[in-house]
Amino acid sequence: MNQQTDTLVIGAGLAGLVTAYELLKKGQRVCIVDAQPREKMGGLAKIAFGGMAIVGTPEQKKKGVKDSPELALKDWYSFAEFSDDDIYPKAWAKHYVEHSLEDVYYYMKALDVSFLPAVNWVERGLFIPGNSVPRYHIIWGCSARLVSQLLAQILPFESDKLQLVFNSTVEELTRENRKITGCKGASQQGKAFEIKAENTVVACGGFTGNIERVKQNWPTDWGKAPEVILNGSHPGNNGVLHDEVARQGGQLTHMQDMWNYAAGIPHPEPEYEGQGLSLIPCKSALWLDHKGRRIGPQPLVTGFDTNYLCQQLSQQEKPYSWQLLNKRIALKEFAISGSEHNPMIRDRRLSGLLKELVFGNHRLFEQMSDKSAEFVVADNLSQLHEKMNSLTADNAVNLDVLTRTINDFDAMVARGKHQWNDDQIRRILHARQWGSDKLRTCYPKPILDGSPLVAIKVNIISRKSLGGIQTNLHSQVLDNANNPLAGLYAVGEAAGFGGGGASGKRSLEGTFLSGCLLTAQQAAKALT
Ligand SMILES: Cc1cc2nc3c(=O)[nH]c(=O)nc-3n(C[C@H](O)[C@H](O)[C@H](O)COP(=O)(O)OP(=O)(O)OC[C@H]3O[C@@H](n4cnc5c(N)ncnc54)[C@H](O)[C@@H]3O)c2cc1C
């Protein structure tokens, strides 16, 4: 197969689709090539949750949140810990906060994609300030809804300007007279292909589906990477095209900066080896080490600094840790990221969603207790201890230690709120001051309250590459002297969501799907 087109887009994920859509609207001929089959169009956005950091929305205003690009940029810079050299990441951060309302929120509204009225307050910061205000918006229908609305616009072009090539892996970029001229690769059947194009856009996603590579890029100041890291991306997101861009002279930056999560469990019905599910850890659960001791001195609580959680867990003696809670807490707080385990939001079933919020998520509790070996449920502490040890087969949890850990916490809680002196409780109370967090966070009560006990064995799980191919604000790929490589662009996660690392060390959360939209739009503007 040999083809000629105006713009070649490598990758049919969200970033690739938005690039293609914008170019098709302007009359260009576009070819999208993807290693996966047609039904996987949308890439990770098809299975993602759909949380987006957006600044200054009507939803925020309705909740009395006063947000502005200036405030968001201040928060972003704080969390990112940029260095003086981060010229392009900083430029992309500024672009994001200044354009998220128009180019993300209203862009999506025009595609008939809306958001839940609740605005969540995530990544508030721990030792480093994060989001000063709630700005995490959830797509009603998850990001799968955005993908399907986009496809409804794009696919009609297939009869004319759009060529779709599936099950075909790009192996190299081609080049003539210092200009990138397309790509070569092979289909799943091993048939070679070449596509020639005026311009090429790399939209291949990140590299965190390649766990060996995640380990190689593990932040050096965190010590050795944990022996076990679950895969929360996709094996096709392997970094092969990052290397190819580098071979062509493009610059890769911030490859050590990744947005992994602290609480993964193996997918009970995996599609590929090592596939994990990322839990939204329960704020009220005690986070314990392999022996059953509470990790500290700073107790680990989600929602403040994900990067800190990963760093702490990566430095534990064993590659796993435990979340200890009870059924009462699990019903209110336990959740799993992604559309698969949030069917009420994905399928836009309002009454089902409200029922789960009010009466607890019995569906997810039953599903995990039935299917996940890591989700251990027991009637009493000695039974729980036995089950925990039989799961790890290392007898590491000591019953006396476990009993003391829980009793110490429960005794403190039982003293009453005027004598509470615990950082986890302080943060729970702070979180509960914000309406949507209150709905999903229990008021502090003892763990041993007669409700069945739950222990969840968790490992670190990979997710997003914050670093990647360095680009300027036109999404042009830059060489080591920061000059654009003629004919080559990079968008979405491949480009570290802009500039090869728009988030720096930490994301304010929900900056990824929007980052795909913004980088794709900029590339398309530059190409037309
Ligand atoms: C479970 C889950 C939940 C998430 N939740 C959120 C969230 O709530 N908010 C948020 O902002 N982000 C979230 N994310 C992250 C977000 O979904 C991704 O960062 C984003 O969708 C990446 O889009 P992309 O187009 O850059 O790359 P991808 O979606 O990874 O698409 C890349 C495409 O390129 C193709 N490809 C790769 N290499 C080749 C090759 N050599 N040849 C041909 N094709 C190739 C792949 O097959 C794939 O289709 C989540 C991710 C997951 C997995």
Side-chain angles (χ1 to χ4, degrees), residues 8-20 32-54 104 120 122 136-139 142-144 146-147 150 165-173 183-188 193 195 201-210 231-245 259 261 264 267 275-280 336-342 345 461-466 468-469 490-498 503 507-517 519-520:
L8 163 67
V9 178
I10 306 173
L14 181 61
L17 291 183
V18 174
T19 309
I32 308 180
V33 57
D34 201 292
Q36 296 203 63
R38 179 181 280 265
E39 57 273 19
K40 298 282 184 186
M41 277 181 99
L44 295 181
K46 216 169 162 162
I47 57 165
F49 180 49
M52 291 176 129
I54 313 179
V104 176
N120 287 35
V122 296
Y136 184 82
H137 299 69
I138 297 168
I139 303 175
C142 295
S143 40
L146 174 57
V147 170
L150 267 171
V165 182
F166 296 109
N167 301 312
S168 299
T169 303
V170 173
E171 290 161 349
E172 61 179 284
L173 299 169
C183 73
K184 282 184 181 171
S187 72
Q188 252 171 26
F193 68 85
I195 303 168
V201 181
V202 176
C204 63
F207 65 83
T208 51
N210 178 345
N231 194 336
S233 175
H234 185 277
N237 293 58
N238 51 24
V240 166
L241 285 183
H242 289 68
D243 292 341
E244 174 57 11
V245 168
W259 197 242
Y261 288 105
H267 196 303
Q275 184 182 5
L277 292 174
S278 176
L279 312 183
I280 316 294
I336 300 177
S337 172
S339 60
E340 183 186 356
H341 293 93
N342 290 283
I345 297 181
I461 176 167
S462 74
R463 186 66 107 214
K464 295 125 189 165
S465 317
L466 295 186
I469 301 165
V491 294
E493 195 165 336
F497 306 98
S503 295
S507 161
L508 291 173
E509 192 56 285
T511 54
F512 315 107
L513 296 163
S514 345
C516 289
L517 261 58
T519 51

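Remember, it's 1-based here, ligands and their atoms both numbered in the order they're listed. The shown structure was predicted, so the numbers you read here are calculated from the model rather than taken from an experiment. Count residues from 1 along the sequence.
- Formation of a donor-acceptor pair under 3.5 Å by the N231 side chain with backbone atoms of G209 is found in this model.
- For the pair T519 (side chain) and G492 (backbone), a donor-acceptor distance under 3.5 Å is present.
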Review point. Would N237 and T208 count as a side chain to side chain contact (heavy atoms under 4.5 Å, CB included) if you check the C-alpha gap in whole Å, the side-chain angles of each, and the deciding distance to 0.1 Å?
Key: CA-CA 6 Å; N237 293 58; T208 51; 5.7 Å; no
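- Taking the six-membered ring for Trp and thresholds of 30 and 60 degrees, W259 and F512 have ring planes inclined between 30 and 60 degrees apart.
- Residue G13 approaches ligand 1 through these ligand atoms, each under 4.0 Å from one of its heavy atoms: 25 (O), 29 (O), 31 (O), 33 (C).
- Here the options are L14, V491, I32, the test is side-chain contact (heavy atoms from CB on, under 4.5 Å), and the partner is T19; only V491 passes.
- Here the side chain of S168 pairs no donor or acceptor atom with the backbone of D34 at under 3.5 angstrom.
- Backbone and side-chain nitrogen or oxygen atoms of N237 are examined, and one is located within less than 3.5 angstrom of a nitrogen or oxygen of ligand 1.
- Polar contact check, V491 against ligand 1: no nitrogen or oxygen pair lies under 3.5 Å apart.
- Below 4.0 Å from some heavy atom of A203 lie the following atoms of ligand 1, by number and element: 32 (C), 33 (C), 34 (O).
- Looking only at heavy atoms of the protein, atom 44 (N) of ligand 1 is closest to A35 N, 3.1 Å.
- Nearest protein neighbour of atom 34 (O) of ligand 1, counting heavy atoms only, is G11 CA, 3.3 Å.
- Here the side chain of N238 pairs a donor or acceptor atom with the backbone of V240 at under 3.5 angstrom.
- Residue contact check: L14 has heavy atoms under 4.0 Å from atoms 25 (O) of ligand 1.
- In this structure, V240 has no heavy atom closer than 4.0 Å to ligand 1.
- Among all non-hydrogen protein atoms, the one lying nearest atom 35 (C) of ligand 1 is D34 OD2, 3.3 Å.
- S143 contributes a side-chain N or O that, together with a main-chain N or O of A45, makes up a donor-acceptor pair within less than 3.5 Å.
- The heavy-atom pair separating L466 from S503 by the smallest distance is CD2-CB, 4.1 Å.
- Checking V165, T169, L173 one by one against I10, the side-chain contact (heavy atoms from CB on, under 4.5 Å) holds for a single residue, L173.
- For G236, the heavy-atom gap to ligand 1 drops under 4.0 angstrom.
- Distances between N or O atoms of I10 and those of ligand 1 include no value under 3.5 Å.
- Among all non-hydrogen protein atoms, the one lying nearest atom 18 (C) of ligand 1 is E493 OE1, 3.5 Å.
- Between the choices A494, G42, A48, S514, the shortest heavy-atom distance to atom 4 (C) of ligand 1 belongs to A48.
- Given atom 14 (N) of ligand 1, the protein heavy atom at minimum distance is K464 CE, 3.3 Å.
- Between L513 and G51 the shortest heavy-atom distance is CD1-O, 4.0 Å.
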Check your understanding: Does the pair H234 and K40 meet the rule for a side chain to side chain contact (heavy atoms under 4.5 Å, CB included), with working shown?
Key -> CA-CA 12 Å; H234 185 277; K40 298 282 184 186; 5.9 Å; no
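- Taken from CD in Q36 to CD in Q188, the straight-line distance is 9.0 Å, to the nearest 0.5 Å.
- Residue-ligand proximity, F497 to ligand 1, at heavy-atom distances under 4.0 Å covers atoms 19 (O).
- The closest protein non-hydrogen atom to atom 53 (C) of ligand 1 is G232 O, 3.4 Å.
- The shell of residues lying under 4.0 angstrom from ligand 1, judged by heavy atoms, includes Y136.
- Polar contact with ligand 1: absent for G338 (N/O pair, distance under 3.5 Å).
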*Going through the distances and angles, do C516 and F497 end up as a side chain to side chain contact (heavy atoms under 4.5 Å, CB included)?*
CA-CA 6 Å; C516 289; F497 306 98; 4.1 Å; yes
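- At the top of the distance list for atom 21 (O) of ligand 1, counting protein heavy atoms only, stands A45 N, 3.4 Å.
- Nearest heavy-atom pair across R463 and E493 is O-OE2, 3.8 Å.
- Residue K40 places every heavy atom at 4.0 Å or more from ligand 1.
- Close approach of ligand 1 to L241 (heavy-atom distance below 4.0 Å) involves ligand atoms 40 (C), 41 (N).
- If you look at R463 next to ligand 1, the close heavy atoms, those under 4.0 Å, all belong to the side chain.
- The shortest contact between atom 24 (P) of ligand 1 and any protein heavy atom is with C516 SG, 4.0 Å.
- Ligand 1 has at least one atom lying under 4.0 Å from a heavy atom of S168.
- Per-residue contacts place G492 under 4.0 angstrom from the following atoms of ligand 1 (heavy atoms of the residue considered): 26 (O).
- With ligand atoms numbered from 1 in the order given, ligand 1 contributes 11 (O) to contacts under 4.0 Å with heavy atoms of G510.
- Applying the 4.0 Å criterion to heavy atoms of A15 picks out, from ligand 1, the atoms 25 (O), 26 (O).
- Y261 places a side-chain heavy atom less than 4.5 Å from the side chain of K464.
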